[in-house]
Engineer: 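First the structure, then my questions, so here it is.
Chain letters run A, B, ... following the sequence lines, proteins first, then strands; residues in each count from 1.
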Amino acid sequence: MTQDLFGELSPELIREHLMEGAVVLRQFALADAEWLLNDIQRVTTQAPFRHMKTPGGHAMSAAMSCCGDQGWVTDTRGYRYQSEDPTSGQPWPAMPESFRNLAGKAAVAAGFEGFEPDACLINRYEPGAKMGLHQDKDEQDFSQPIVSVSLGLPQVFQFGGLKRNERPVRVPLAHGDVVVWGGPARLRYHGVLTLKAGDHPLTGVCRYNLTFRKAR
DNA sequence: CAGTGGCG
DNA sequence: ATAC
């Protein structure tokens with residue numbers, strides 16, 4: 001908390017600039033975390049977490065679900081967005097208002113106006129789970145940023161270059177942190193290191209990540 | 001098509 | 001444990 005120009009106490013927004021077009025908003029989602037977690041519970045009751053397979057046939061270590069008009073999926077046929085959950089054949093659950101609002105606020109705080117995501121990928125990491133370096137490039141609209149929200153256990157994020165062979169920077173992410181990247185950083189490689197065991201008062205033994213995108 | 005993964 |  002700091003004293004602002006009007007003499008009122010206001011929470012200080014901690015922005016960590018990573019690269020041009022990429023910023024970490026520390027604890028940005030902290031106040032909304034319990035609502036977000038409640039909505040993760042609701043969404044994943046309708047569209048349960050599952051371990052999708054890569055086209056190469058490997059099961060991903062992070063369990064995934066989606067909400068919104070479009071959901072990211074992978075199977076032996078490839079990576080894509082689709083409007084139905086392949087497990088049920090039903091449309092993905094609607095994107096909760098808590099999700100949309102948080103994503104929009106975070107985008108503005110990072111300097112991206114008018115972000116209206118149509119897709120939210122929900123990843124659940126348990127100890128041992130990781131995500132190798134990759135680009136988010138299955139979207140049609142690269143003019144819109146990516147907003148990534150961390151909830152629960154801490155995990156080390158890696159943020160690299162436009163080519164996979166560039167050494168990434170490592171950024172520890174904690175509960176409530178939000179990373180936003182777009183513009184010249186939109187196609188940078190990124191991932192997370194293996195989650196270490198731990199116990200979080202709100203999520204127990206796991207970390208959740210919400211990734212908001214404009215897929216179409 | 002696939003390295004959002006696994007191996008030596 | 002990390003790098004390629």
Engineer: Can you confirm whether A/D138 sits close enough to A/R80 that some side-chain heavy atom of one is under 4.5 Å from a side-chain heavy atom of the other?
Structural biologist: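 SC-SC contact between A/D138 and A/R80 ruled out.
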Engineer: In whole Å, measure the gap between the C1' atoms of B/dG3 and C/dA3 for me.
Structural biologist: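 My reading of the C1' atoms in B/dG3 and C/dA3 gives 15 Å.
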Engineer: The criterion is ring-ring contact (aromatic ring centres under 6.0 Å, His included); which residues satisfy it with A/Y79, sequence neighbours excluded?
Structural biologist: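 A/W72.
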Engineer: Given side chains that start at C-beta, do those of A/Q70 and A/S83 come closer than 4.5 Å, heavy atoms only?
Structural biologist: yes
Engineer: For A/Y189 and B/dA2, give me the distance from atom OH to atom C1', rounded to whole Å.
Structural biologist: 10 Å
Engineer: Heavy atoms, side chains only, cut-off 4.5 Å: are A/M131 and A/Q158 in contact?
Structural biologist: no
Engineer: Return the stems involving DNA chain B, sorted by first number, where pairs are Watson-Crick (N1-N3 with N6-O4 or O6-N4) or G-U wobble (N1-O2 and O6-N3), both under 3.5 Å, and runs are 3 or more long.
Structural biologist: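 Looking at DNA chain B, no stem of three or more consecutive pairs is formed.
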Engineer: Check for a donor-acceptor pair, side chain of A/E139 on one end and backbone N or O of A/K214 on the other, with a separation under 3.5 Å.
Structural biologist: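 Flag not set: sc A/E139 to bb A/K214 has no pair under 3.5 Å.
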Engineer: Restricting to nitrogen or oxygen on both sides, can you table the protein-nucleotides 6-8 of chain B pairs closer than 3.5 Å?
Structural biologist:
from	atom 1	to	atom 2	distance (Å)
B/dG6	OP2	A/K130	NZ	3.1

Engineer: I'd like a table of atom pairs between the protein and nucleotides 1-4 of chain C - only N or O on both sides, under 3.5 Å - with the distance next to each one.
Structural biologist:
none

Engineer: Rounding to the closest angstrom, what is the interatomic distance between B/dT4 and B/dG8 at atom C1'?
Structural biologist: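 Rounded to whole Å, the distance is 22 Å.
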Engineer: Using atom CE of A/M131 as one end and atom C1' of B/dT4 as the other, report the distance to the nearest whole Å.
Structural biologist: 5 Å
Engineer: How many Å lie between CE on A/M60 and C1' on B/dA2, as a whole number?
Structural biologist: 11 Å
Engineer: Identify, residue by residue, the members of residues 74-96 of chain A with a heavy atom below 4.0 Å from DNA chain B, and return them in order of residue number, or none.
Structural biologist: A/G78, A/Y79
Engineer: Would you say A/H190's side chain and A/R188's backbone share a donor-acceptor pair under 3.5 angstrom?
Structural biologist: yes
Engineer: Please report the shortest heavy-atom distance between A/L13 and A/F28, naming the atom on each side.
Structural biologist: CD1-CD1, 3.7 Å
Engineer: Mind listing the residues from residues 136-147 of chain A sitting with a heavy atom below 4.0 Å of DNA chain C? Number order is fine.
Structural biologist: none
Engineer: Do other residues, nucleotides or ligands put more than 12 heavy atoms under 6.0 Å from the CD atom of A/Q82?
Structural biologist: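 Check passes, neighbour count above 12.
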Engineer: Any heavy-atom pair between the side chains of A/T76 and A/P55 that's under 4.5 Å?
Structural biologist: no
Engineer: Determine, answering yes or no, if A/W72 is stacked on B/dT4 under the 5.5 Å centre rule and the 30° plane rule.
Structural biologist: yes
Engineer: Could you give the CZ-to-P distance, from A/R213 to B/dT4, as a whole number of Å?
Structural biologist: 12 Å
Engineer: Expressed in angstrom and rounded to an integer, what is the separation of A/L133 atom CG from B/dG5 atom P?
Structural biologist: 11 Å
Engineer: Sort and list the pairs that fulfil salt bridge (charged side-chain N to carboxylate O under 4.0 Å, His left out) and have at least one residue in residues 147-171 of chain A, not counting sequence neighbours.
Structural biologist: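 As it turns out, there is no salt bridge (charged side-chain N to carboxylate O under 4.0 Å, His left out) pair with a partner in residues 147-171 of chain A once direct neighbours are skipped.
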Engineer: Please list, chain by chain and in numerical order, all residues satisfying ring-ring contact (aromatic ring centres under 6.0 Å, His included) with A/W92, sequence neighbours excluded.
Structural biologist: none
Engineer: Provide the full list of salt bridge (charged side-chain N to carboxylate O under 4.0 Å, His left out) pairs with a residue in residues 46-69 of chain A, sequence neighbours left out, each pair given once.
Structural biologist: A/R50-A/D85
Engineer: Checking A/F157 now: which residues fulfil ring-ring contact (aromatic ring centres under 6.0 Å, His included) with it, not counting sequence neighbours?
Structural biologist: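 Once residues adjacent in sequence are excluded, the partners of A/F157 under the ring-ring contact (aromatic ring centres under 6.0 Å, His included) criterion are A/F159, A/W181.
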Engineer: How long is the line joining OH of A/Y125 and C1' of B/dG5, in whole Å?
Structural biologist: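 Result: 13 Å.
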Engineer: Can you list every pair that meets salt bridge (charged side-chain N to carboxylate O under 4.0 Å, His left out) and has a residue in residues 19-47 of chain A, with sequence neighbours left out?
Structural biologist: A/E16-A/R26, A/R26-A/D177, A/D32-A/K105, A/D39-A/R42
Engineer: Do A/V178 and A/F212 come within less than 4.5 Å of each other through their side chains, counting heavy atoms only?
Structural biologist: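 No, side chains not in contact.
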Engineer: Check ring-ring contact (aromatic ring centres under 6.0 Å, His included) between A/H58 and all other residues, then give those that pass, not counting sequence neighbours.
Structural biologist: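 Checked A/H58 against ring-ring contact (aromatic ring centres under 6.0 Å, His included); zero matches.
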